[in-house]
Amino acid sequence: MPELAEVERYRQLAETLIGRTVQSVVARDAWFLKRGLTPRAARTALTGRRLDAVRRVGKLLVIETDDGAGPNLGLRFGMSGRLVVDGRASIDDLVYEAASESERRRSRAERETSRASNRPVTAWDRFALRFEEGGDVRLRDPRRLGGVELDPDETALGPDALHATTADVRRAIEGSRAPLKARLMDQRRVAGIGNLAADELLWRAGLDPARPARSLTPDESRRLAHHIRRTLADLISRGGSHMGDLMPAREAGAVCPKDGTPLVRRTVGGRTTFSCPTHQR
DNA sequence: ATTGTGGCCTGCCCGC
DNA sequence: TGCGGGCAGGCCACAA
């Protein structure tokens, strides 16, 4: 499910849509349309448009139309949203399943049954575009926490985490006594860090998620910026946010893969957080 | 303004 | 087998 790494995969998948022309808009779930958008307005705005660029800003996917003359289509995936292009989900599913020994040993049928949210169930397709050239793109979201909007306000997002500089990170955390992790996950400060990536990169950086953001030394901020970029790039190349080195230990009773210390599970910034009390200070 | 909390919506998994 | 509770990778409105 979608953090930056997943949305980056969706972006790559969506590149195959470039050059296609919207034949029809399927927006049966009005609740899924945001900022006052209605099914009728979406149909009017998008039908006949050619898709000509796909960008990712943090966890937001932006599809541009008609060389800037048409509206931008903004897709958000919430916690359970997936992008399906021409009937294919993005390959992060495959990587994820292949990575699990137990999953691999099981039959495809069993896997399909147990991982119901991956099945091609059209009831969960909340929004779709069909193309004159054939094929379609669908936003499949069982929990309906994602959404679709036109011309999303990208200025509300901070610099993209994948390319965050030390200066970006310092700006994001300076002066704040909120937990470091909460600040990193504030999309207005830095865009794209989700709960799993936050745990992973703070674990790699050796920083306590609960530390007041402003307590970092200049050297720690630099180290943090490095690990933000490095971790996200790693997660993208490995195929998903669940591919981090800390992830296997993200369960009750697990120990730190670095030093064997029992991990601490708590809520930080309102989110379940795993960290190592020994090497994360 | 900043920070913390609750809620949104749905599905899955565990324990009884 | 059925049922209730707790959980989930995001985000927004709200209160202090």
Side-chain angles (χ1 to χ4, degrees), chain A residues 1-10 29-36 56-61 74-83 90 92-93 95-96 102 110-119 121 123-127 139-149 152-153 156-158 161 171-203 209-214 231-232 235-236 238-244 246-248 250-253 265-274:
Chain A
M1 329 296 195
E3 284 197 30
L4 184 149
E6 284 72 25
V7 179
E8 176 60 20
R9 289 267 156 172
Y10 299 166
D29 188 350
W31 192 90
F32 207 70
L33 305 177
K34 305 303 179 185
R35 282 198 18 230
R56 179 194 57 74
V57 187
K59 304 169 196 167
L60 172 70
L61 193 65
L75 304 179
R76 298 181 190 277
F77 298 91
M79 301 234 271
S80 61
R82 289 162 192 277
L83 194 73
S90 62
D92 70 286
D93 297 337
V95 172
Y96 177 55
S102 58
E110 281 175 332
R111 202 162 59 221
E112 290 286 315
T113 303
S114 67
R115 306 199 47 179
S117 58
N118 273 340
R119 284 181 308 184
V121 175
W124 293 332
D125 293 340
R126 311 298 180 185
F127 182 84
L139 208 169
R140 178 173 301 164
D141 184 4
R143 283 178 68 185
R144 299 168 85 211
L145 290 173
V148 172
E149 61 185 305
D153 179 13
L157 296 170
R171 266 194 296 275
I173 65 178
E174 70 187 355
S176 170
R177 52 194 177 75
L180 175 58
K181 180 179 174 181
R183 267 281 160 137
L184 293 179
M185 290 181 63
D186 183 342
Q187 304 299 302
R188 293 165 306 179
R189 312 278 174 181
V190 186
I193 299 177
N195 197 37
L196 293 184
D199 277 9
E200 175 77 15
L201 69 90
L202 287 168
W203 175 78
R211 259 178 71 174
R214 65 181 179 191
T231 300
L232 292 171
L235 294 176
I236 289 169
R238 293 183 189 185
S241 301
H242 36 70
M243 302 302 287
L246 178 64
M247 289 308 105
R250 231 173 163 283
E251 59 183 30
R265 180 196 201 269
R266 59 191 156 154
T267 298
V268 177
R271 308 300 300 276
T272 296
T273 300
F274 285 83

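A note on names: the letters A, B, ... follow the listed sequences, proteins ahead of strands, and every chain is numbered from 1.
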Any-strand Watson-Crick or G-U partner of B/dC9, both distances under 3.5 Å: none
Grab the CZ-P distance between A/Arg214 and B/dT2 for me, whole Å please. 13 Å
So, does A/Arg126 get its side chain near the phosphate of B/dC9, meaning an N or O under 4.0 Å from OP1 or OP2? no
Interatomic distance where CG belongs to A/Asn195 and P belongs to C/dC7 [whole Å]: 14 Å
So, is A/Arg189 close to the B/dT3 phosphate, meaning a side-chain N or O under 4.0 Å from OP1 or OP2? no
Atom pair OG (A/Ser176) and CZ (A/Arg189), whose distance is rounded to the nearest 0.5 Å: 7.0 Å
Hey, is the side chain of A/Trp31 poking within less than 4.0 Å of OP1 or OP2 on B/dC8, counting only N and O atoms? no
Could you check how far CZ of A/Phe274 sits from P of C/dC7, rounded to whole Å? 11 Å
Give the rounded distance in Å between these two atoms: CG of A/Asp186 and C1' of C/dG10. 13 Å
Let's test this: given Watson-Crick or G-U wobble pairing with both distances under 3.5 Å, identify the partner of B/dG4. C/dC14
Length of the CE-P vector between A/Met79 and B/dC9, whole Å: 14 Å
Checking only heavy atoms, does the side chain of A/Arg144 share a donor-acceptor pair with the base of B/dC9 at less than 3.5 Å? no
Donor-acceptor contact below 3.5 Å, side chain A/Thr272 vs main chain A/Thr267: no
Mind checking the P distance from B/dC12 to C/dC11? Whole angstroms is fine. 22 Å
Hey, are A/Arg271 and A/Asp199 close enough for a salt bridge, meaning a charged N less than 4.0 Å from a carboxylate O? no
Determine the Euclidean distance between corresponding P atoms of B/dC9 and C/dC3; express it in Å to zero decimal places. 23 Å
Here the distance between atom P of B/dA1 and atom CD of A/Glu174, to the nearest Å, is 17 Å
Interatomic distance where OH belongs to A/Tyr10 and P belongs to C/dG9 [whole Å]: 14 Å
With a 3.5 Å cut-off and just heavy-atom distances, do the side chain of A/Glu3 and the base of C/dG10 make a donor-acceptor pair? no
Name the nucleic acid region contacted by A/Arg35, choosing base, sugar-phosphate or nothing; use a 4.0 angstrom heavy-atom cut-off, strictly under. nothing
Would you say A/Arg177 has more than 12 foreign heavy atoms packed within less than 6.0 Å of its CZ? no
Would you say A/Arg188 has more than 12 foreign heavy atoms packed within less than 6.0 Å of its CZ? no
Does the distance from a Lys or Arg side-chain N to an Asp or Glu carboxylate O, for A/Arg140 and A/Asp125, drop under 4.0 Å? yes
Separation of B/dC13 atom P from A/Glu251 atom CD, nearest Å, is 15 Å
Spacing of the C1' atoms in B/dT3 and C/dG9 (rounded, Å): 23 Å
Which protein N or O atoms sit under 3.5 Å from an N or O of nucleotides 11-16 of chain C?
| from | atom 1 | to | atom 2 | distance (Å) |
| --- | --- | --- | --- | --- |
| C/dC11 | OP2 | A/Lys59 | NZ | 3.1 |

Measure from the side-chain N and O atoms of A/Arg183 to the backbone N and O of A/Ile173, and report whether any donor-acceptor pair falls under 3.5 Å. no
Between A/Gln187 and A/Lys59 (side chain of the first, backbone of the second, donor and acceptor by atom type, cut-off under 3.5 Å), is there such a pair? no
Determine the contact category for A/Arg265: base if any of its heavy atoms lies under 4.0 Å from a base atom, sugar-phosphate if only primed atoms, P, OP1 or OP2 are that close, otherwise nothing. sugar-phosphate
What does A/Thr272 touch in the nucleic acid at a heavy-atom separation under 4.0 angstrom: a base, only the sugar-phosphate, or nothing? sugar-phosphate
